[in-house]
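Reviewing the structure listed below.
Basis for what follows: all heavy atoms, side chains included, without hydrogens, waters or symmetry-related copies.
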Amino acid sequence: MRKSLILACVLGFTALTAPIAVALYWASREALNAEMAYAGSVADELLRRSVAARQQIYLALDALGRAPRGDCSEPTLSLMRELNMGLSYLKDVGAVRDGRLICSSMGRYRQGIPLGPSDARVSSGVQIWRDVVLPYAPGLHLNLFEHKGWVVALHPDFVFDLALRDQDTTVAVLIGAPPMVLQSRGPIDAARLTREPSSASGPLELPDHLLVFRHSPENNLTTMVAISRVGLHARMGRQALILLPLAAIAGLLLVAAVALATRQRLSLPGEIRLGLKRREFHLHYQPVVDLQTGRCVGAEALLRWRRPAGAPMSPDLFIPAAERSGLIRAITAYVIDIAARDLPVLLAQQQGFHLGINFSAQDLETEGSITHLLQRLREIQAPPGSLVVEITERNVTDARAAGKQIARLHDRGVQVAVDDFGTGHSSLSVLAGLELDILKIDKSFVDAIDAQAAASLVLPHIIDMAKTLRLFMIAEGVETETQADYLRERGVQFAQGWLYGKPMPLDDLLDLLRTQGRAWASRGHGLPV
Ligand code: C2E
Ligand code: CA
Ligand code: CA
């Protein structure tokens, strides 16, 4: 019982926490996947723009390359203007001589604008200046790309004006191999991130950042998007916040399912205890008839459970459960009390009537049940022979102890019947050593009478044995006249079964006795004392 309770608690706890744990895990995975997808899409878009910008740069440089080197004539300036207007990423197009910008689509610069040393030169021979501010365009930080005296100015915003979701996202365009940061936006130093060893391949999880790269080898370009983990955790938290209530509901549903399952498994003894307290149990009585006269001379008390919720439960289920959980003595006491209340009513209706009640092993092993029974019988001044205690063979585990208890019962005129005879594994010697009064022939032997089954070969032996031991016999489960005839012919005195009546409420039994008439009652066909 305690083990099952612990198991139920563990199950309940798991049922409650597992969905929450799963939700948290799921939230973090979902958030991570969403972040990766988001970063991937930003990196894709950035690469698309970078490739487009590069193509425009090369297109412009190629177009200008057809004019004489360093030419600032009107047709060349006009070409520059055309290119500048037609290529969306370009801010300006011009000519360079001796490290100075001498003209551009904006006009000629007599002195020339010194560009200073370049920041990088890529394999195609293009020189790059980053973050250049030209005097005729103050406030614009441009990137310049120069090849063979022609120069193209690009405003990084054209590439970078991505509507980034978070302040904590860093984006970068890398050029060449090993990649060099051409331009970056965001709170962290992209150069530091791109030093990571696997920056050239798929997503990279750094302690404080998630990195996603996209490559265009033919354009010698790489883009990188870095998402800070701080922001990621905040978003995971928000995701979890949405999922947690759902997880809690799922957890509670699971707990309810576990509780229901364990209630069904665990609580039968609990339900029995409660049923006893609420007096949900009552007795039905099954008539026992004299086979010679067909008259009802007694009854067996059989316990019924009227549960307020749920289907009626057979004693075949709740009696073993009560036996296992130690509740059977409380049940027996309950049965004794009802039987002691009803017996005087039955005796008033029919003298010599006898009532059988069922005892379990524990009722015989200890004194309590028998003491209780004898006390009640004294109170109602039950005549000798009016009560029969039915015990089964398997209940007699300690023949000596049982013998003592049986002697106590006999002292008070209570008879003892051995129930379900032939089904237990009792040795005849044990039974022979006990002072029994009645042998109840089990229904299985009675059933065999009609079926001509092998068991029917055993029945004559049981009957002979009962006769030898001078026991009265009650045949159980008699359902047909054929069975009744057979039993009568072989000297079985009493029978009970559906042929004579199913277990019934007290009032029905009293009605049955009444219809038998007072004449029969006065002749006294009860069991001998
Ligand atoms: P049992 O003592 O052998 O009781 C006889 C069972 O056979 C009863 O089932 C009864 O309804 C059924 N029966 C009687 N005549 C016929 C028939 O002609 N045909 C068929 N098919 N069945 C018949 P029930 O009431 O379900 O009781 C089952 C068992 O539960 C009893 O077997 C007895 O071992 C136990 N039991 C019932 N009430 C009590 C009780 O108050 N205390 C204890 N300790 N055990 C009880
Ligand atoms: Ca019985
Ligand atoms: Ca029986």
Quiz item: Taking C-beta and beyond as the side chain, do Ile406 and Val389 meet within less than 4.5 Å on heavy atoms?
Solution: no

Quiz prompt | Ala339 to Leu283 - nearest heavy-atom pair and separation | solution = N-CD1, 4.0 Å

Self-check item: SB check Arg329 Asp363 (cutoff 4.0 Å)
Solution: no

Quiz item: Between atom CG of Leu364 and atom CD1 of Ile391, what is the distance when rounded to the nearest 0.5 Å?
Solution: 5.0 Å

Quiz item: If we only count heavy atoms from C-beta on, is the Leu355 to Val388 side-chain gap below 4.5 Å?
Solution: no

Quiz item: Do the charged groups of Asp44 and Arg214 touch, with an N to O distance under 4.0 Å?
Solution: yes

Exercise. Examine the side chains of Glu379 and Gln375 and answer whether a donor and an acceptor come within less than 3.5 Å of each other.
Key: yes

Practice problem: Can you run down the side-chain hydrogen bond (donor to acceptor under 3.5 Å, both in side chains) pairs that involve residues 462-474, sequence neighbours left out, and say none if there aren't any? | Solution: none

Quiz item: Should the pair Arg490 and Tyr486 be classed as cation-pi, given the thresholds of under 6.0 Å to the six-membered ring centre and 45° from the axis?
Solution: yes

Self-check item: Distance-only donor-acceptor check, side chains Tyr285 and Asp508, under 3.5 Å
Solution: no

Hey, can you pull the donor-acceptor pairs under 3.5 Å for the side chains in residues 307-319, sequence neighbours left out?
{"residue": "Arg307", "atom": "NE", "partner": "Ala311", "partner atom": "O", "Å": "3.2"}
{"residue": "Arg307", "atom": "NH1", "partner": "Glu271", "partner atom": "OE1", "Å": "3.2"}
{"residue": "Arg307", "atom": "NH2", "partner": "Ala311", "partner atom": "O", "Å": "2.8"}
{"residue": "Ser314", "atom": "OG", "partner": "Asp316", "partner atom": "N", "Å": "2.9"}

Quiz item: Who passes side chain to side chain contact (heavy atoms under 4.5 Å, CB included) against Thr371, sequence neighbours left out?
Solution: Glu367, Arg408

